[in-house]
Every structure is written in C-alpha cells, then in structure tokens.
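First the structure, in the form of structure tokens, and then the observations on it.
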Amino acid sequence: MRQATEQKPKKGKVTDRAKAERKLAYMLCAPAVIAMLLVTGYPIGYALYLSFQKVDLRFPDEKEFVGLSNYVDVLTSTTWWSDVFVTVIIMVISVSIELVLGMAIALVMHRAIFGRGGVRAAVLIPYGIVTVVAAFTWRYAFDPTAGFVAGLPLVPDDYAPLSNQSGSLLIIILAEVWKTTPFMALLLLAGLALVPDELHEAAKVDGASTLQRFVRITLPLMRPAILVALLFRTLDAFRIFDAPFIIQPGGANGTETVSILGYNLLINRLNLGLGSAVSILIFICVILIAVLFVKGLGASTAQQTGDAK
Amino acid sequence: MLAVLASIAFLTACGVGGDEGGSGARAINWYVFNEPGGAFDKAVADCNKEAGGKYKINYVKLPTDANQQRELVVRRLAAKDDSIDLIGMDVIWTAELAEAGWIQAWEGERRKAAEEGRLEGPLKTVDYKGKVYGIPFTSNTQLLWYRKDQVDAPPEDFTWDEMIDQAVEDKKAIEVQGAQYEGLTVWMNALIAGAGGQVVDQSGKVKVDDSAAKAAAIESKLAKSTAAPPGMSTNKEDEARIGFESERSNYQVNYTFIYPSAAAIKGFQEKIGWARYPRTEKDKESKPPLGGINIGVSSYTKNSDLAFDAAECLTSDEHQILAAELGGLPPTTEALYEDEKVKKAFPFADVLSESIDAAAPRPVTPAYSDISLAIQKSFHPPDSIDPDGAESTLRGRMEKAAEGAIF
C-alpha cells in the first residue's frame with residue numbers, strides 16, 4: 001500500500017502494479033460485500049418494498065401498491081407514538097443506570113488487587129445468562145402467587161408490581177440493567193486501561209483529590225470509550241424485545257415497545273405491509289440515534305486527538 | 001444372481017425417499033399441541049396399526065400456548081409447506097385458515113363423517129360460509145368451580161354480580177383469566193354473549209352493541225372490588241388454578257383440567273363443586289366459552305385422501321374416550337357423554353355437555369387474530385376499564401382491526 005501512495009503524485013498514470021493491487025483489493029473485499037448485501041441489503045430492501053404495499057399473508061389476492069399510506073397510518077396512530085414513548089423511557093432510564101453502575105464496576109475491576117479473574121467472572125455472569133431465561137426469572141420472582149418477593153418481610157403479601165404500568169416498566173428496566181450492566185462495565189474497563197497511570201501520579205503530586213482526578217483526567221480520556229459504550233447500549237435498548245416480551249407478554253399493561261408492535265403486526269396479524277413500515281421506521285430511528293452519537297463522538301474525538309498532538 | 005437381486009431390492013428401498021417410510025407407508029405429519037397425558041401418542045400408534053401400512057402418522061408436537069401454535073402453523077401454511085398434512089386446529093382458527101385457502105373443505109361422505117353425532121357447539125366451530133373445514137376432535141368449556149365446604153351451591157340463575165358480592169362478603173377472591181391474551185377474549189366474549197350480544201355478526205362484520213358495556217362493567221366491578229385476586233391483570237388459567245388451590249378464593253371460572261390437578265392436594269378434590277358458567281344478566285342463560293381442537297387437512301398435502309382417512313381415525317369414538325381419560329379433554333360426540341369411562345373421567349359430565357351445547361363460539365372471521373387482539377387491548381388492564389366508554393373504544397379498535405389498520 002505504501003508504494004501505491006508514493007506513486008500517487010504521478011497524476012493520471014496508474015502503474016500496472018497499482019492496478020493489480022487495486023483489483024486484488026476489490027476481489028478480497030468482494031465476498032464480504034456480497035455476503036453483507038445478501039444478509040442485510042436484501043432483507044432491508046424487501047422490507048422497504050413490502051412497506052409500500054397493502055399485503056396480508058392471509059389474503060394474498062388483495063395485494064396492491066399503496067405508496068406511503070402504511071407510513072401515514074403508523075405515524076398518525078396513537079399506538080405508535082405511545083410505544084415510542086414507552087421505548088424511550090425504558091431506553092433512557094436503563095442506559096443511564098447502566099452507565100453509572102457500569103462505571104463503578106469497571107473501576108472496581110480495574111483496581112481489584114487480588115482475585116481479579118474471580119471478580120471479572122462474577123460480574124460477567126448475568127451477561128452470560130440467556131435473556132429469555134433471565135426475563136422469566138424476574139417475572140416469576142415478582143409473581144404474587146409463585147414468586148418469592150411477595151413473601152419477603154416488609155413486602156405486602158399481595159404485592160403485584162406487574163399488574164400496573166409503572167411497576168411493569170420498573171421490572172423490565174431492572175431486568176435489562178441487571179443483564180447488560182456487565183457489558184457496559186467491560187467496554188468501560190477497556191477505556192480505563194487507556195488512561196496512563198503517570199497522569200494520575202503527576203496529578204497526585206500536584207495535590208489533586210481523588211474526585212478531581214476522576215473528573216479531570218479519567219473521564220475526559222475515557223470519553224471515546226464512554227460514547228461507544230453508550231452508542232451500543234442505546235441502539236440495543238431502543239430495539240428492546242425479549243425482556244418485555246416475556247415479562248409482559250403481548251405488551252400488556254402499557255409495556256408495548258416499538259419492536260413488540262412490529263412483532264404483533266408481522267407475526268401475529270400477518271400484516272406484512274404495516275409491519276414492514278414499522279420495521280423501517282425503527283430502522284430509521286436507529287440510524288438517527290447512531291448519527292447523533294457518531295456526530296457527537298466524531299467531533300469530540302477529533303478534538304481530543306487534536307489537543308493531544 | 002441372488003446377490004444382484006438383493007442389492008436391487010436394497011437400492012429401491014433406499015430410493016423411496018423422505019416422504020415414505022421403509023415399509024412403503026406414506027408419512028402423514030400431524031401438527032398439534034403436545035398432549036402430556038399420552039392420549040395423542042396412543043391414538044397415533046393405534047391408527048398407524050389400523051392403517052396396515054397405508055400411511056404412517058407422525059405426531060409433530062407444538063407448544064401448549066395457542067398463540068404460539070398458530071404462529072408456527074400459519075407460517076408454514078403461508079409458505080405452502082407440503083410437509084404439513086394434518087393440523088390440530090384450535091376452534092378459533094377455522095375461518096382464518098379456510099379463507100386463506102390453506103385447509104380443505106370436507107365434502108360428501110367426508111362431511112357426513114365429520115358431522116355425525118357431534119354436539120352443536122363444536123360443529124359450529126368447523127363451519128365457515130356453509131362449508132365444513134375440519135372434523136371436531138376434542139372440546140372444552142369453562143365451568144364455575146366453587147368450594148362446597150365454604151359457600152352454598154350457586155342457584156341456576158347465579159350472576160356475576162351476585163358472585164362478586166358474595167366473594168366480597170366472604171372476604172375471598174374470584175379466580176379469572178385477566179391477563180392480556182386469548183383467555184381475556186374468552187372471558188369477555190362469554191360475558192358479551194351472556195348479555196345477548198356479539199362482536200362480529202354472521203357475515204363477519206363488526207357489530208358491537210351495549211352488551212360490551214355490560215361485560216366491561218362486570219370486569220371493572222371485580223377488578224376494583226376486594227374480590228380481585230392479586231395479579232389479576234397477569235393471571236392466566238394456571239395462575240387461577242394455583243390461586244384457587246391456595247385457598248384464597250371460593251369461586252373460579254376455568255377449564256376442566258383444574259379438577260384432575262386438584263387431586264395432587266390431599267382432600268382438596270372433594271371440596272370442589274361445579275356449576276354452569278355464571279350469567280351476565282339474571283334473565284338470560286349464560287353462554288359458556290368454547291374451546292377444543294378440530295383436525296383440518298392442509299391444502300398443500302401430497303396425500304389428501306390418506307390425510308382425510310387419518311383424521312377420521314384420530315377422531316374416532318375410541319380416541320375421543322382416550323383423550324378424555326388420559327388428557328382430560330371432553331369429547332365432541334354427544335353419545336360419548338353416556339360412556340362409563342368418560343363419566344368416570346368427568347364426574348361433571350352432565351353440566352359439561354350441557355355447557356358445550358349452549359356455548360357461544362368466539363367470533364367467526366378470517367381476521368380473528370386481529371379481532372382478538374383488539375378485544376384484549378380494549379379490556380385490559382381490568383382495573384382501569386371505563387364501562388361507559390367501553391362500547392365505543394371496542395368498536396373503534398374492532399373496526400380498525402377488521403380493515404387491517406394499526407391499533
């Protein structure tokens with residue numbers, strides 16, 4: 001590659017070798033590109049096509065092109081907006097708690113002097129448990145008849161948080177936080193490892209307190225890692241499906257998230273048109289979130305590396 | 001020479017392919033829920049023996065949750081999968097599968113076999129637009145179960161209102177299915193039908209009247225009273241059974257499975273009494289819910305005739321008795337309620353067959369799953385239902401559901 005860049009100044013004339021190298025590069029990339037097109041491009045394209053149709057698997061004869069009407073239906077319905085609201089609430093609260101807890105756990109794992117491997121393994125256990133299994137555990141724990149929570153001292157015997165919206169959302173968020181905080185902690189731990197000890201030592205010599213060092217040194221240097229962790233988790237949380245699907249089947253008690261709406265339309269009602277429109281809208285939301293983060297992230301990292309130089 | 005012949009025979013045997021067994025019997029795949037009592041396993045084995053090598057039924061087990069069963073079956077049928085021959089159809093699927101052209105009508109002699117001697121209720125569930133689309137196999141209904149040792153036997157015209165008042169007075173709960181799922185549709189449909197109403201008329205059009213408000217009033221009254229069981233808005237059949245067994249309630253509406261299950265607790269079964277489903281209105285007979293399965297023949301099967309034969313065999317009197325004995329599933333053939341074995345399996349056989357005969361089927365419409373979801377969403381959560389607005393809320397959602405819009 002270096003040779004290719006060296007030859008760049010000779011404008012207009014590309015050497016045979018560079019040509020061959022470029023061809024080789026394309027060929028090496030091709031399988032990956034084709035695979036990506038097949039497994040992501042085709043389904044997305046097909047969903048987009050379906051979202052412009054009125055199509056229901058049960059009534060194959062009634063298929064017709066309806067333009068944007070599916071999108072209009074979805075965007076003017078109260079269902080979609082209340083589901084977006086529920087999803088955003090789950091997303092914001094759970095990711096915030098995960099960030100704080102994850103940071104604390106990362107610091108502990110980073111500083112752990114003995115039993116480091118043991119601490120890390122213990123922290124990772126929830127992340128290793130299948131989400132559906134974890135969700136069932138949470139659901140049954142809070143069941144007033146079968147669960148143990150209602151039997152605890154100080155808890156009323158008929159305590160049934162899953163029978164109302166706020167209680168259900170709370171438990172979904174708890175389950176989500178319990179399950180994914182380790183992931184957050186791992187990503188943050190990787191960021192912590194990037195902070196050089198010398199900086200801390202120098203600051204200590206200058207008389208900076210622990211808090212000052214954390215806020216002034218650790219956090220700024222970790223910013224890219226924090227943003228990446230937040231981006232991953234936010235995207236995941238917006239598409240949350242399995243925990244609410246198990247904890248409140250069918251999106252009952254006001255816990256329907258956008259993914260569950262899509263599932264109900266596609267799998268239960270077999271309404272491929274509306275369901276695909278919802279899927280595409282979720283896809284657009286995810287892109288928007290990603291763009292917002294990457295813009296924020298990109299700008300700040302550039303600034304940071306600029307400062308460092 | 002012998003060796004050559006043997007190898008040719010061997011090769012032909014191998015060449016039969018996946019659809020046929022080694023003996024040359026055609027494989028008939030029967031998709032139906034997993035019946036833990038072993039009744040279906042035994043029926044399959046019997047029929048395979050009886051078929052004498054003509055066909056061999058494979059019992060493909062589906063989940064017990066009706067929604068999940070439907071999702072799996074419908075996905076295959078929509079993809080024109082020819083590996084599915086027979087379908088154990090929940091009674092509510094008929095219209096949807098028939099309208100989509102996924103199951104075959106039973107005509108002529110076949111139709112006669114499907115209808116012969118069957119109870120009125122189950123027969124209504126295989127009928128769609130005047131044609132028969134399945135053979136009734138097992139039926140089911142809900143009864144009112146009560147504690148003989150705690151409360152008096154309910155009178156014939158016992159209403160939901162009276163039951164709730166009684167439970168409040170006794171400081172006990174009433175076990176119902178209040179979660180947002182098919183069971184809530186079952187309950188609401190029974191209440192609405194009990195008030196003489198319906199949600200979808202004969203032609204499949206949405207028709208919501210003031211009986212929806214009456215149903216909502218009962219649901220709301222229970223949910224807001226002290227007779228509401230803990231976790232009412234998430235309770236399904238099994239939570240209701242557990243609640244009843246934990247002695248927190250004197251009344252329970254539920255399917256017949258709770259009776260054999262109560263035998264696990266010493267002396268509990270003897271305390272359980274049974275009666276017909278409670279009334280919505282004092283002067284109108286109750287319309288109990290109707291469950292059960294019918295067997296349908298897929299349109300994409302490669303062995304249509306054999307599949308019909310197999311379905312007839314599986315649903316024979318003998319196998320219905322087996323399902324009753326081992327699985328606790330009530331028969332669909334009227335005469336079987338006089339059978340000694342069935343009577344022994346169901347000490348409440350009389351009220352059972354009376355209930356099945358009087359039952360109100362759930363709406364018959366190809367958009368059933370949409371309609372059901374609309375009902376569930378309109379009547380949930382139980383404690384925040386506004387009986388005055390229930391009628392218009394339900395109508396609005398139902399109309400959207402029927403035209404395939406989002407709700």
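Each chain gets a letter, A, B and so on, in the order its sequence line appears, and its residues count up from 1.
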Measuring heavy-atom distances to chain A, does [X] have an atom under 4.5 Å in its side chain, in its backbone, in both, or in neither?
X	answer
B:Leu77	neither
B:Tyr181	neither
B:Lys400	backbone

Which heavy atom of [X] sits nearest a heavy atom of [Y], and at what distance?
X	Y	answer
A:Ala252	B:His380	CB-CE1, 3.8 Å
A:Asn271	B:Gly404	ND2-O, 3.0 Å
A:Asp73	B:Ile406	O-CG2, 3.6 Å

Donor-acceptor under 3.5 Å ([X] side chain, [Y] main chain):
X	Y	answer
A:Asn268	B:Ser369	no
A:Ser163	B:Ser233	no
A:Arg269	B:Leu373	no

Per-residue contact mode, [X] against chain B (heavy atom under 4.5 angstrom):
X	answer
A:Asp143	side chain
A:Leu274	side chain
A:Asp56	neither
A:Gln165	neither

More than 12 heavy atoms of other groups within 6.0 Å of A:Tyr49 OH = no
Please examine the side chains of A:Asn164 and B:Pro381, heavy atoms only from C-beta on, and report whether any two atoms are closer than 4.5 Å.
-> no
Minimum side-chain heavy-atom gap A:Leu270-B:Arg75 below 4.5 Å = no
Please assess A:Lys54 against B:Glu403 for the test salt bridge (charged side-chain N to carboxylate O under 4.0 Å, His left out), listing each intermediate value before the final yes or no.
-> CA-CA 11 Å; A:Lys54 179 184 177 196; B:Glu403 68 196 31; over 6 Å; no
Working for salt bridge (charged side-chain N to carboxylate O under 4.0 Å, His left out), residues B:Glu96 and A:Arg58 | CA-CA 7 Å; B:Glu96 179 180 14; A:Arg58 291 165 299 184; 3.6 Å; yes
For chain A, find which of B:Ser246, B:Pro366, B:Ser384, B:Gly243 contributes the most heavy-atom pairs closer than 4.5 angstrom.
-> B:Pro366
